[in-house]
Peer 1: 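Below is one structure. I have some questions about it.
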Amino acid sequence: MPETTPYWWNAIRPPALFMQPVPQRCDVVVVGAGYAGLSAALTLARAGRNVHVFDRMRPGEGASTRNGGIASGALRPSFASLIEKLGVDRARTIYLEAKVAREDLADFITREGIKCDYQLVGRFTGASYQRDFDGLRIDAELHQKHFGINTELVTPGNIQREIGTDRYFGGVVRPDIAGLHPAKLHAGMLALARQAGATVHGETAVTRLQSNGNGFDLRTLRGPIRARHVVVATNGYGDRSNRWLRKRLVPVASRIIATEAITGALMDELIPQRRMLGETRNLYHYFRPSPDGSRILFGGRCPNPRSNPLAGTDSLRRELVQLFPRLSAAGISHSWFGYVAYNRDSLPRLFVHDGVHYAAGFCGSGVVWARWLGLKAALHILGDPQAQSAFHERAPKAVPLYNGNPWFLPMVTGWLRFKDGLAERGSKRI
Ligand SMILES: Cc1cc2nc3c(=O)[nH]c(=O)nc-3n(C[C@H](O)[C@H](O)[C@H](O)COP(=O)(O)OP(=O)(O)OC[C@H]3O[C@@H](n4cnc5c(N)ncnc54)[C@H](O)[C@@H]3O)c2cc1C
């Protein structure tokens, strides 16, 4: 049986931090100690604010130590579709911020000396269906024209240079996307926030949040606290304590499996460039070699894992073997899941509601976005002009007929599977 904890925890586990006393008051309470919460806490503590961060689990036990470590700053709506929907100027502003946020993460890691196996290896995206190659080409041309990003087209004839499979109808390589070790990044950020003076309370849920006219009264599992400002950074792990937010963010489970170590020769055959990888189908997979190049980590949508922590592992393994038949005998050492958060328009968000700052809705791409929008939330509290962001918007709209239990997800998954089936039939495999 595979281990159900993340492969990343072999190197470093979320620490137990629950012994610090809760003071009566502080300047800022941050709810959630993932990348977003820690980024906000670090910025505020360095600006001299007295900051207390609360997490209902161990700090990092949410998505920030469970993810694939693909530092893409991807946005779900493609650039072309955003241009169509919002016009070229607004779409350009949004996508330009993705570039800036991605580069800023790399600078941050270097500047702060965080040892998190950051590797600027690029990402290959395979066209799952014949018609998708055109979409990838158009997106590549737009990125070249507007941002000077030299995306390389990979024709079907050249695909073995990038990936040892015959499943794709060509693809593209984005050179500006990196891989990293997510748990090491989180540990680095946690250490920096604490060194800057922020107090981080693990296993301490915030159970109530109320405005008092001049700030906020909060109840936590270890006592009450009063704060001038609050940042909520709970993304896919929001609980019943904030019903208003739960109507706006839909938690979606994502699973990753890790193979046992494979030989270098086999890795050369399957992922010769050691890049991050993805594909265009609706129920897409994201995958990569581990930072030491010894295993393949393969992720995708996961059925409801509440009653079975390994739910969906077998089907994910089958899909891995469909892609790479050479892995049919490879064992699976780890299989774990976590929650990402989607909102109605699938764009990350920074917003202020009733005086509370929120950074949320990273739609499965929070390695770049959570840190970035946590930083922006802190700058906004500090009144810093650099707080400006294309993602500082009104709160996402509530999802109709939804109260925190995403009953409709199996139907959405079924619909996406149906669309993938149709597209598959329309693609001629040679
Ligand atoms: C399997 C998987 C693979 C992924 N792969 C990638 C990838 O390759 N690239 C990428 O960019 N992104 C990826 N993501 C998404 C990325 O991990 C997240 O977007 C990001 O980590 C979100 O960070 P966060 O700080 O907003 O939230 P989280 O790290 O999820 O932290 C939220 C925290 O809030 C706490 N919390 C909730 N309610 C309360 C409360 N009432 N009181 C106190 N604390 C509370 C939770 O305990 C949790 O620790 C992946 C996610 C998953 C699950």
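Note: hydrogens, waters and symmetry copies are ignored here, and every other heavy atom, side chains too, is used. Ligands are counted one by one from 1 in listed order, and the atoms in each one are counted from 1 as well.
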Peer 1: Pick, from Thr204, Ile70, Val30, the option with the minimum heavy-atom distance to atom 8 (O) of ligand 1.
Peer 2: Ile70

Peer 1: Can you tell which of Tyr237, Phe54, Tyr35 gets a heavy atom nearest to atom 37 (C) of ligand 1?
Peer 2: Tyr237

Peer 1: Before signing off on this row, confirm whether Ala33 and ligand 1 have an N or O atom pair separated by under 3.5 Å.
Peer 2: no

Peer 1: Answer side chain, backbone, both or neither: which part of Ala233 comes under 4.0 Å from ligand 1, heavy atoms only.
Peer 2: backbone

Peer 1: Does an N or O anywhere in Asp239 fall below 3.5 Å from an N or O of ligand 1?
Peer 2: yes

Peer 1: Report yes if Val31 has an N/O atom closer than 3.5 Å to an N/O atom of ligand 1; otherwise report no.
Peer 2: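 Among all N and O atoms of Val31, none is under 3.5 Å from an N or O of ligand 1.
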
Peer 1: Which atoms of ligand 1 have any heavy atom of Gly32 under 4.0 Å away?
Peer 2: 33 (C), 34 (O), 35 (C), 44 (N)

Peer 1: Check whether more than 12 heavy atoms from other residues, nucleotides or ligands sit under 6.0 Å from atom CZ of Arg219, and answer yes or no.
Peer 2: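 Result for CZ/Arg219: open.
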
Peer 1: Quick one, Trp407 with Met411, criterion side chain to side chain contact (heavy atoms under 4.5 Å, CB included). Give me CA distance, side-chain angles, the key distance, then yes/no.
Peer 2: CA-CA 8 Å; Trp407 52 269; Met411 280 178 264; 3.6 Å; yes

Peer 1: Should Ala370 be counted as touching ligand 1, given the test is an N or O pair under 3.5 Å?
Peer 2: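 It does not: no N or O of Ala370 is found under 3.5 Å from an N or O of ligand 1.
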
Peer 1: Of the listed options (Tyr339, Tyr286, Trp369), which comes nearest to atom 3 (C) of ligand 1 when hydrogens are ignored and any heavy atom counts?
Peer 2: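 Ranked by closest heavy atom to atom 3 (C) of ligand 1, first place is Tyr286.
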
Peer 1: Taking all non-hydrogen atoms of both residues, which atom of Phe133 and which atom of Phe169 are closest, and how far apart?
Peer 2: CD1-O, 3.5 Å

Peer 1: Closest approach of Gly122 and Arg275, non-hydrogen atoms and distance?
Peer 2: O-CB, 3.3 Å

Peer 1: Heavy atoms, side chains only, cut-off 4.5 Å: are Tyr284 and Ser128 in contact?
Peer 2: no

Peer 1: Go through the steps to decide whether Asn235 and Tyr339 satisfy the test side chain to side chain donor-acceptor pair (under 3.5 Å), and finish with yes or no.
Peer 2: CA-CA 8 Å; Asn235 204 44; Tyr339 292 101; over 6 Å; no

Peer 1: If the plane angle is over 60° it's perpendicular, under 30° parallel, otherwise tilted; pick one for Trp369 and Phe391.
Peer 2: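 Plane angle between 30° and 60°, so tilted.
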
Peer 1: Could you say whether the N/O atoms of Gly68 and ligand 1 ever approach to under 3.5 Å?
Peer 2: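 Yes, since at least one N or O of Gly68 sits under 3.5 Å from an N or O of ligand 1.
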
Peer 1: So for Gly364, does at least one of its heavy atoms come nearer than 4.0 angstrom to any atom of ligand 1?
Peer 2: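 Under 4.0 Å: yes for Gly364.
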
Peer 1: Closer than 4.0 Å to some heavy atom of Ala36 - which atoms of ligand 1 meet that?
Peer 2: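 By the 4.0 Å cutoff, the relevant atoms are 25 (O), 26 (O).
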
Peer 1: Using a 4.0 Å cutoff against the non-hydrogen atoms of Thr234, which atoms of ligand 1 qualify?
Peer 2: 32 (C), 34 (O), 36 (N), 37 (C), 38 (N), 39 (C), 45 (C)

Peer 1: In terms of atom number and element, which parts of ligand 1 are under 4.0 angstrom from non-hydrogen atoms of Gly338?
Peer 2: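 By the 4.0 Å cutoff, the relevant atoms are 53 (C).
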
Peer 1: Under 4.0 Å from ligand 1, counting heavy atoms only, is it the side chain of Asn235, its backbone, both or neither?
Peer 2: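 Within the 4.0 Å criterion, Asn235 contacts ligand 1 through side-chain atoms alone.
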
Peer 1: Please indicate whether Arg394 has more than 12 foreign heavy atoms, meaning atoms of other residues, nucleotides or ligands, lying under 6.0 Å from its CZ.
Peer 2: no

Peer 1: Taking atom CZ of Arg161 as the centre, report whether more than 12 heavy atoms of other residues, nucleotides or ligands fall under 6.0 Å from it.
Peer 2: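 Counting neighbours around CZ of Arg161, more than 12 heavy atoms of other residues, nucleotides or ligands fall under 6.0 Å, so yes.
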
Peer 1: Could you tell me whether Ala205 and ligand 1 have an N or O pair separated by under 3.5 Å?
Peer 2: no

Peer 1: Need the ligand 1 atom indices (1-based, order shown) with element for anything under 4.0 Å from a heavy-atom of Arg66.
Peer 2: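 The atoms of ligand 1 under 4.0 Å from a heavy atom of Arg66 are 1 (C), 2 (C).
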
Peer 1: Taking 4.0 Å as the limit for heavy-atom contacts, which would you say applies to Met57 with ligand 1: side chain only, backbone only, both, or neither?
Peer 2: both

Peer 1: For atom 16 (C) of ligand 1, find the nearest protein heavy atom and state the residue, atom name and distance (0.1 Å precision).
Peer 2: Gly366 N, 3.7 Å

Peer 1: Is there a nitrogen or oxygen of Asp55 sitting under 3.5 Å from a nitrogen or oxygen of ligand 1?
Peer 2: yes

Peer 1: If hydrogens are left out, which of Ile256, Asn67, Val29, Leu38 has an atom nearest to atom 4 (C) of ligand 1, that is, the closest non-hydrogen atom?
Peer 2: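 Selected option, by shortest heavy-atom distance: Asn67.
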
Peer 1: Can you establish whether the number of heavy atoms outside Glu152 located under 6.0 Å from its atom CD is more than 12?
Peer 2: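 Count over threshold, so yes.
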
Peer 1: Below 4.0 angstrom from a heavy atom of Gly69, which ligand 1 atoms are there? Numbered from 1 as shown, please.
Peer 2: 7 (C), 8 (O)

Peer 1: Looking at ligand 1, does Ser241 have a heavy atom less than 4.0 Å from it?
Peer 2: yes

Peer 1: Find all atoms of ligand 1 within a distance of less than 4.0 Å from any non-hydrogen atom belonging to Val367, and give their numbers and elements.
Peer 2: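 Counting from 1, the qualifying ligand atoms are 9 (N), 10 (C), 11 (O), 12 (N).
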
Peer 1: Any nitrogen or oxygen of Ser64, side chain or backbone, less than 3.5 Å from one on ligand 1?
Peer 2: yes

